[in-house]
Every structure is written in structure tokens, then in C-alpha cells.
There are 2 protein chains.
Amino acid sequence: MTDINKIPHDESGPEAGADAPLLVSEAERTAQLLQLTELLFFAYRDFISDPDEILSEFGFGRAHHRVVHFVSRNPGIKVADLLDILAITKQSLGRVLKQLIEGDFIRQQEGPRDRRQRLLYLTAKGRALAVRLSAPQLDRLAKALEEVGPGGAEQIRAALYHVVSPHNRHQVSRIVLANQRIGDQP
Amino acid sequence: MTDINKIPHDESGPEAGADAPLLVSEAERTAQLLQLTELLFFAYRDFISDPDEILSEFGFGRAHHRVVHFVSRNPGIKVADLLDILAITKQSLGRVLKQLIEGDFIRQQEGPRDRRQRLLYLTAKGRALAVRLSAPQLDRLAKALEEVGPGGAEQIRAALYHVVSPHNRHQVSRIVLANQRIGDQP
DNA sequence: TTATTTATGTCAGTCATGTTGACATATTTT
DNA sequence: AAAATATGTCAACATGACTGACATAAATAA
């Protein structure tokens with residue numbers, strides 16, 4: 001290993017900066033990939049830490065966050081579609097959904113064409129929670145993106161997209177492109 | 001919203017490509033950040049899916065993966081340092097560590113200077129498991145990075161690093177820069 | 001119209017992985 | 001000799017997943 005071990009400047013991060021040499025050996029490439037693996041782990045962990053704190057105020061957990069988030073982004077979503085996005089069982093969803101409905105964060109509305117469906121919407125209270133949950137994450141991401149140049153966001157988006165398994169990409173594209181902003185009225 | 005809703009080409013991902021306009025409005029910026037939030041969720045979920053399958057062969061879970069990974073990367077690590085990295089309690093670690101030791105994936109060695117310490121090492125069997133677990137992740141990351149140009153890896157590294165909470169960055173730097181390659185002899 | 005399928009909900013039990021709190025043992029440090 | 005440290009362990013509990021079975025209402029097909 002060459003200079004991989006040098007202690008990075010605290011504001012630039014490991015091996016960052018314009019003077020970083022492009023990779024030479026296979027070993028360095030592997031080392032870089034391992035570092036990215038670990039950074040993904042640590043970044044993800046901290047990324048969800050702010051919502052976790054807010055949620056605990058309400059006696060909620062991460063499962064509630066996910067439901068609130070995707071209902072916020074997809075107002076009127078069917079239960080079946082939400083299950084598809086979350087990739088959990090209806091029993092798992094049922095528990096948190098019940099709590100969110102009883103706490104007046106989410107309301108259900110009979111499907112206009114198919115009355116079996118229970119279309120999901122955030123209440124005003126639910127929207128307020130969604131805003132509170134998303135704020136620190138948007139802030140964190142915005143600050144992180146300031147550290148990479150303009151256009152970096154697109155590269156990161158492309159990379160993350162291609163970390164998704166090929167057979168899931170189409171679905172992820174559809175979901176991600178729902179452009180309801182958090183807190184907007186449905 | 002302007003052209004955010006266009007269905008992306010399946011191989012380029014949402015809103016990627018050289019022709020993507022730089023952001024104009026605050027709303028578009030927020031939409032982009034929300035998309036990144038969701039991509040991080042979906043990418044992370046798929047990223048750990050391959051190891052999950054391998055682990056289930058052994059009756060293991062993600063907790064075992066983390067322990068194997070960080071012991072692999074830090075041969076001879078102290079229990080206390082491992083606890084620090086994982087940010088879990090010793091009781092949680094104890095359970096999975098016990099299973100890994102009983103299954104002959106990890107061995108403990110008395111600290112040479114401080115005989116209270118139990119330094120952790122992978123066995124040959126443990127190294128084989130570590131290699132199997134890391135292979136699909138390294139492969140997945142390598143392919144994803146091919147989709148962004150050269151230098152993209154550095155931008156992603158910088159971004160992920162700055163998603164880590166400021167007070168954790170120093171520790172993460174130290175940990176990530178341990179350059180033991182998975183499968184190498186300690 | 002009757003039968004089947006679909007969308008949703010619910011009960012009951014299990015598992016993995018985290019938590020707190022209390023306590024034990026060996027070893028090092030003061 | 002006393003205190004602090006490194007590790008381990010027991011017990012109880014919480015969260016959020018799971019499987020399997022069954023129930024109801026509404027839409028669709030035969």
C-alpha cells in the first residue's frame with residue numbers, strides 16, 4: 001500500500017481532493033471499493049440517526065418513518081403498492097399503519113373505482129411529521145453535496161442507481177420519480 | 001416541475017446523463033435531494049441482499065456480517081474497539097461473537113501486553129466466509145462505478161464521508177483507512 | 001347468478017437484533 | 001490492598017421483520 005494510509009484532512013475526507021492519484025493496481029482498486037463499502041455503512045447509519053431521534057418522541061421507529069415518507073411522496077397510494085415498495089409483509093405494515101392511523105398521522109380513503117382499496121393519505125399532522133423527518137436529512141445531503149463540485153449529485157445519483165439490483169431498477173425509477181414534495185398538499 | 005417526470009433510459013437511471021440541466025429552482029433542488037434520499041434507501045437495501053443470502057446458509061444474519069467484516073479488516077482488534085465501531089452493546093456483540101467463535105470463524109487471542117484483552121482474528125474458515133461475503137458487494141460497487149466516469153469514485157467517497165456526522169468523521173477516517181484486504185492473512 | 005379472485009385486515013407464534021440493568025472474573029493500575 | 005479496566009454473562013424487554021391461517025368485502029369471471 002502506498003499513500004492510502006495517510007491521515008486525511010478532516011474536511012476533505014479519506015483520499016479525496018484534486019491531487020488524488022487515479023488508481024494504479026488491482027489492490028488499490030479493491031482497497032478503494034472496501035472503503036466505499038464501509039463509508040456507505042457509516043454514512044447510512046448517521047443518515048437515519050436524526051429521524052430516529054424525532055420518531056422516538058412519538059414512540060415510533062424507522063418502520064413508521066418509511067411509511068410516512070412513501071405516503072408523503074405518493075399521496076393516495078394503495079396498500080398493495082406500498083407493500084411492494086417497502087418489500088415487507090402486510091402483517092408488518094399493518095402494525096405500524098394501525099398506529100399511524102390511530103395517531104391521526106395517516107388517513108385511509110375508499111378507492112373511488114374499487115371500493116376494496118384503502119388509499120393512503122397523510123393528515124395535516126402527518127405532513128408536519130413528514131416535514132420534520134425530512135428536514136435534517138435534506139440538510140445533511142445538501143451539505144454533503146456542497147463538498148463535491150456541481151454535477152457531483154448526478155454522479156452520485158447514477159452510482160446509487162446502479163447499486164440497485166438490475167431487476168429492481170425499473171421499479172426504483174418509477175418510485176423515485178414521484179415528485180411530490182414533502183409537506184405539499186395532496 | 002419540468003422534465004423531472006420523464007421516464008429515464010433504463011441504463012442511465014433517473015435524470016442522469018450529460019444533458020441533465022444543472023438545477024435551477026429551489027423546488028428542483030429539493031426534488032433532487034429527495035430522490036437521492038430514496039436512492040440511498042433502495043441502493044443500501046439491495047447492497048446488503050447478497051450477503052444476507054450467503055449468511056442464511058450458516059444461520060447467520062447481518063450482525064454476523066458486520067463482525068466478520070471488521071475483524072477481517074482489523075485483525076487482532078480489541079473487543080472494546082469493535083464495540084466502538086459497531087456502536088452496539090457488548091451484550092449484543094456477545095451473542096453473535098459467541099456463535100462465530102463456536103462455529104470456528106473467529107478466534108480469540110490473549111493480548112500480549114494486557115492479558116485481559118481478547119484480540120479477535122478470523123480463522124481460515126472465517127476468512128473464506130469474509131471473501132464470499134465481500135465478493136458480491138465489491139462486484140456490485142465496481143459495476144456501479146463503471147457507470148460514472150473515472151474520478152466519480154472519489155466524488156462519491158467525499159459525499160458519503162460528509163454524510164457522516166461531523167463528530168464521527170475522524171473515527172470513520174481512521175476505521176476506513178485500515179487497509180487489510182479481505183481474505184489476507186493477518 | 002354463482003363462483004372465484006382480489007384487496008385488505010387480523011390473530012398467533014417465531015426470529016434476529018437491538019436495548020437496560022445487574023453482576024462476575026481476571027488483570028492491570030494506583 | 002484498593003480501584004479501575006476488559007471482558008463476559010444472566011435476565012427481561014422492544015422493534016420490526018417473518019410464516020401460517022383465517023376473515024371480510026368487493027370486483028370479476030364462469
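In what follows, chains are A, B, ... by sequence order, proteins preceding strands, each numbered from 1.
Following rounding to the nearest Å, B:Lys98 (NZ) and C:dT17 (P) show an atom-to-atom distance of 16 Å. Remark: C1' of C:dT28 and NZ of B:Lys78 are 12 Å apart, rounded to the nearest angstrom. Regarding A:Leu120, its CG atom lies at a distance of 14 Å from the P atom of C:dA7, rounded to whole Å. Atom CD1 of B:Ile106 and atom P of D:dT7 are 14 Å apart (whole Å). For B:Glu110 and D:dT7, the CD to P distance is 12 Å, given to the nearest whole Å. Spacing between atom CD of B:Gln109 and atom C1' of D:dT7 amounts to 16 Å, rounded to whole angstrom units. One can place CG of A:Asp81 at 15 Å from P of C:dT6, the figure rounded to the nearest angstrom. If you measure from atom NE2 of B:His65 to atom P of C:dG18, you get 13 Å, rounded to the nearest angstrom.
Looking only at atom types and distance, the side chain of A:Gln32 has a donor-acceptor partner in the side chain of A:Arg29 under 3.5 Å away.
In this structure, B:Arg73 contributes its side chain and B:Ile182 its backbone to no donor-acceptor pair below 3.5 Å.
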With B for base contact, S for sugar-phosphate-only contact and - for none (protein heavy atoms under 4.0 Å), nucleotides 15-25 of chain D reads -BBBBBB---B
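Test B:Asp81, B:Leu120, B:Ile175 against B:Phe70 for side chain to side chain contact (heavy atoms under 4.5 Å, CB included) and you get one pass: B:Ile175. Looking at B:Leu36, B:Ile156, B:Val148 one by one, the single match for side chain to side chain contact (heavy atoms under 4.5 Å, CB included) with A:Leu160 turns out to be B:Leu36.
Listed by first and then second residue, the salt bridge (Lys or Arg N to Asp or Glu O under 4.0 Å) pairs involving residues 41-63 of chain B are B:Asp50-B:Arg140, B:Asp52-B:Arg62, B:Glu57-B:Arg132 (not counting sequence neighbours).
Using a 4.0 Å cut-off, no side-chain N or O of A:Gln108 falls inside it from OP1 or OP2 of C:dT8.
With sequence neighbours excluded, the residues satisfying side chain to side chain contact (heavy atoms under 4.5 Å, CB included) with B:Ile101 are B:Leu97, B:Ile106, B:Gln108.
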